[in-house]
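What follows is a short report on a single structure.
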Amino acid sequence: MEKLNLKWKKRLLYVSATAVIAIIVILISTAYIIMLNNAIKENTINEINEITQHDQVAIKNYVSYNIENLKRVSRRMRRAACETVDQFKTNLGYERAETPFSGVYYVDTEGNIYTADAVISPDEFKHDLLAELTNGQDKFIKRFNFESELFAEKCRGEQLVYGMTMKFCFASDEDKTPLTLGDTQFVAVLGITRLSALQSGLVLDSFDIDGVANGNSAVINLSGQYIVDPQFAITENLSRNFFEEIDSSEKCTLSSGQIRLKMENWEHFTFDITEKVYDQNSGTYKTESKFYSCIPIDDQEPVRWYFLLSVNKSLFSERSYSLIIMNLVELLIVVLIVLAALLLIMFNQYKSANAIAKEKAQSEFLSNMSHEIRTPLNGLVGLNYLIVNAIDEPEKHEQIKEWLKKSQSTAKYLLSLVNDVLDMSKLQAGKVDIVKEPMLIESITDAVWSMQRDNIERRGIRFIPDINITEPCIMGDSVRIKQVLVNLVSNAAKFTPAGGSIIICVNQEPLGDGKVLTTITCEDTGCGMSPEFLETIFEAFTQERNKNTASIKGTGLGMAISKLLVDAMGGELLVESQLNIGSKFTIKLPAEIAKTPDYISQQTVGIVQKQEKRTKPLKLLVAEDNELNAEVILEILGDEGFIADHAADGQKAVEMFSASEPGEYDVILMDMRMPVMDGCTASEKIRELDRPDAKKVLIYACTANTFEEDKIRAIQSGMNDFLTKPIDVKVLLQKLENTVIRSDGDNK
């Protein structure tokens with residue numbers, strides 16, 4: 001019995017616990033639904049208020065725009081200085097056509113009304129128009145019914161009249177000369193617009209559901225008269241009064257008296273109303289509850305109007321229904337949580353796999369880098385060992401020369417590898433800036449052809465350019481395009497045997513909107529590539545190894561760099577190849593069409609021809625903190641017949657130049673990174689010196705900093721040119737040979 005009672009107690013406890021949990025869930029769900037309903041109601045009210053304020057500002061701006069337009073019309077009419085009535089009417093016709101007004105009327109001191117079609121006397125129009133409209137005000141906007149056939153047809157009937165006195169019209173002008181026509185002086189101007197012009201801006205569809213309008217907007221004056229109500233025809237608005245509708249409603253949270261008081265105090269307020277509305281579909285009246293938002297349009301004359309926005313309260317419940325459905329979906333939350341957990345696990349596994357792949361790629365990169373760098377370094381170290389051991393043996397001098405040539409070739413290969421790795425790292429990091437400037441695509445192709453022609457034709461390979469372009473000048477980065485073309489042509493030259501050919505073909509086709517697609521192909525008759533290798537050709541450190549390419553040396557970075565550069569320029573790099581037949585690389589580059597600038601069309605080389613005979617040898621100041629580099633460059637310059645002094649840092653270079661005679665130094669070779677003072681700062685200090693040669697002396701940056709921002713910084717600091725380390729001695733000597741020395745010591 002005790003066990004049975006214990007069992008029932010446990011069951012009762014479980015049932016009680018379940019009931020408590022169920023009650024808690026019901027209470028939480030109920031509270032949640034109430035909170036959601038309140039939030040929806042509050043959000044809807046906020047949305048209504050925002051729309052109300054937006055339309056209020058739109059109406060206010062519309063009215064201000066027409067008032068200012070009327071002032072501008074009067075200023076233009078005054079400047080026209082019409083001498084006859086016909087001239088005056090003609091100008092009014094022009095103004096009517098060019099302004100938003102369907103009619104512009106002027107009233108003179110005698111009460112005559114001047115329109116573009118006629119002059120209407122007080123005897124013909126039995127109204128004191130100004131007295132009825134102005135009510136003693138300088139400016140006004142009112143509804144008025146032009147019933148007389150004396151007015152143009154489009155101005156008859158119920159119209160919205162903007163008006164002002166001439167005194168008010170010209171009050172803010174420096175020139176306050178009245179508007180006259182001979183002896184006639186005008187006292188007021190009227191601009192006529194249809195009520196529909198204002199009404200069209202009040203069509204409200206923000207709360208439409210399935211094509212059924214759930215909201216309406218209107219404009220009333222402080223007397224409750226409807227100025228505009230898109231629900232009704234304009235003629236029906238004449239007999240309607242907002243306050244009378246409030247009094248006739250079944251229920252309203254504010255009385256008409258309270259609403260009048262709030263409007264007189266110019267308040268922004270809301271209220272609920274229940275009224276009977278005639279349903280045209282069923283032919284019966286139905287009860288409808290609405291929410292009203294009321295906001296003043298302007299608290300200044302002439303526009304003392306209120307903007308009303310009403311929304312059916314059924315909209316609130318319709319928006320809440322969706323939330324009730326959401327509560328039914330709560331049962332699926334647990335499933336979603338489980339799915340989310342599974343997705344999270346899968347995502348973590350994906351991240352782990354990516355991390356492993358990235359680590360593997362980095363490991364392979366370092367391994368490839370180690371192999372590619374150590375291989376030429378091993379050759380350099382070995383050659384250096386052989387040269388040192390054989391330097392004192394005269395019979396091996398020819399062999400030493402051969403070793404030195406191989407050493408130089410290996411060093412250049414190592415330098416190209418370093419440059420490729422630096423380019424690759426910057427491209428992968430997205431730090432390469434692509435320049436967009438006018439460039440001649442044919443000049444770029446010619447430059448690549450001229451640069452590679454001798455090397456290619458010396459190997460018995462035909463090198464053929466085929467240029468077919470319609471737009472010679474386009475926007476792009478000429479340096480990067482040239483770099484890609486050099487990579488493609490050099491690659492083709494490596495793998496094309498004697499007797500073969502390399503063809504560079506350039507074509508264009510229009511894209512519209514001032515753009516053109518430039519297609520550049522580099523096609524060779526070389527050894528070609530296998531389909532398997534084509535899938536990885538644009539990956540770093542990839543190079544196909546077979547009997548045709550076993551002896552060809554390369555870093556395997558050229559194609560990867562070319563692909564990244566073309567992608568960065570918004571183009572596309574494609575490849576087609578067949579083994580033992582050849583390869584074809586295609587660059588598709590969309591670009592804007594540009595006008596050829598003068599500095600390009602002139603094709604100036606920028607190198608001043610040297611004098612046949614110098615009056616004195618060049619003297620250089622070498623700013624270099626590395627003793628070995630300084631020793632090498634000074635020795636080279638000395639052997640070439642130049643005079644050179646050495647400064648161990650930038651500060652020393654500034655001091656030596658300051659202490660020299662004007663014109664003593666012709667060229668300064670400036671390292672950028674030095675202790676005490678860097679090269680850019682030293683260049684700036686030299687350019688700031690108060691001596692005639694400070695601005696003219698040539699300063700060449702000699703640095704291992706090879707990035708574009710380093711070049712820009714060097715030029716901005718006052719340097720004339722940029723030489724990268726290791727310095728190409730031939731390039732340096734060519735620059736020095738092209739430096740002209742005048743007899744007075746000034747450089748060109």
Side-chain angles (χ1 to χ4, degrees), residues 433 435 437 477-479 597 599 604-611 614 616-626 629-630 633-634 636-637 642-729 731-748:
D433 295 325
V435 178
E437 59 186 7
D477 193 328
S478 58
V479 174
Y599 69 88
T604 55
V605 179
I607 299 176
V608 181
Q609 296 298 323
K610 63 179 179 177
Q611 290 181 348
R614 292 197 177 96
K616 66 184 180 79
L618 282 177
K619 186 171 182 180
L620 295 88
L621 176 60
V622 179
E624 172 62 66
D625 64 306
N626 186 282
N629 289 343
I633 195 66
L634 290 172
I636 291 172
L637 293 173
F642 300 108
I643 302 171
D645 292 336
H646 175 228
D649 55 63
Q651 180 66 44
K652 186 66 175 175
V654 175
E655 293 173 356
M656 291 177 67
F657 185 82
S658 301
S660 67
E661 294 294 329
E664 178 179 347
Y665 288 114
D666 303 303
V667 179
I668 301 175
L669 301 182
M670 185 75 73
D671 189 12
M672 288 184 67
R673 287 192 180 184
M674 291 184 290
V676 184
M677 182 183 292
D678 63 83
C680 290
T681 305
S683 297
E684 292 172 354
K685 296 287 185 184
I686 290 173
R687 295 301 187 199
E688 293 170 358
L689 292 175
D690 186 16
R691 48 187 287 169
D693 58 343
K695 299 289 189 297
K696 300 178 181 179
V697 64
L698 294 176
I699 305 178
Y700 294 149
C702 298
T703 178
N705 296 355
T706 60
F707 295 134
E708 188 65 26
E709 54 265 30
D710 298 315
K711 297 180 181 179
I712 294 172
R713 182 166 173 251
I715 299 301
Q716 289 176 344
S717 69
M719 299 189 194
N720 300 90
D721 208 341
F722 195 91
L723 300 172
T724 59
K725 291 181 179 177
I727 294 173
D728 190 322
V729 176
V731 173
L732 173 60
L733 294 179
Q734 184 180 11
K735 287 184 179 293
L736 296 179
E737 285 296 324
N738 286 329
T739 302
V740 176
I741 307 301
R742 291 179 179 173
S743 59
D744 58 0
D746 289 343
N747 296 341
K748 275 189 179 180

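In what follows, every heavy atom counts, from backbone to side chain, and hydrogens, waters and symmetry copies are set aside.
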[X] [atom1] to [Y] [atom2] distance, which is reported to the nearest 0.5 Å:
X	Y	atom1	atom2	answer
Glu655	Ile686	CD	CD1	11.0 Å
Leu620	Tyr665	CG	OH	10.0 Å
Leu723	Asp671	CG	CG	11.5 Å
Glu688	Lys695	CD	NZ	8.0 Å
Lys685	Met677	NZ	CE	5.5 Å
Asp690	Ser658	CG	OG	11.0 Å

Determine the minimum heavy-atom distance between [X] and [Y], stating which atoms define it.
X	Y	value
Met674	Gly650	CE-N, 3.4 Å
Asn626	Glu624	N-OE2, 3.0 Å
Pro617	Ile643	CG-CD1, 3.9 Å
Phe722	Ala714	CD1-CB, 3.9 Å
Asp649	Pro675	CB-O, 3.2 Å
Asp666	Val697	O-CG2, 3.7 Å

Listed partners of Ser660 passing side-chain hydrogen bond (donor to acceptor under 3.5 Å, both in side chains), at least two apart: Arg691
From the list Leu698, Leu637, Leu736, side chain to side chain contact (heavy atoms under 4.5 Å, CB included) partner of Leu618 resolves to Leu736
Excluding sequence neighbours, so at least two apart, what forms side-chain contact (heavy atoms from CB on, under 4.5 Å) with Leu634? Val622, Ala644, His646
Going by side-chain contact (heavy atoms from CB on, under 4.5 Å), name the residues that satisfy it together with Ile715, two or more places apart in sequence or in a different chain. none
Below 4.5 Å, heavy atoms only, C-beta onward: do Gln716 and Cys680 meet side chain to side chain? no
Within-4.5 Å side-chain heavy-atom neighbours: Leu732 and Ile636: no
Ion pair Lys619/Asp645, N-O distance below 4.0 Å: yes
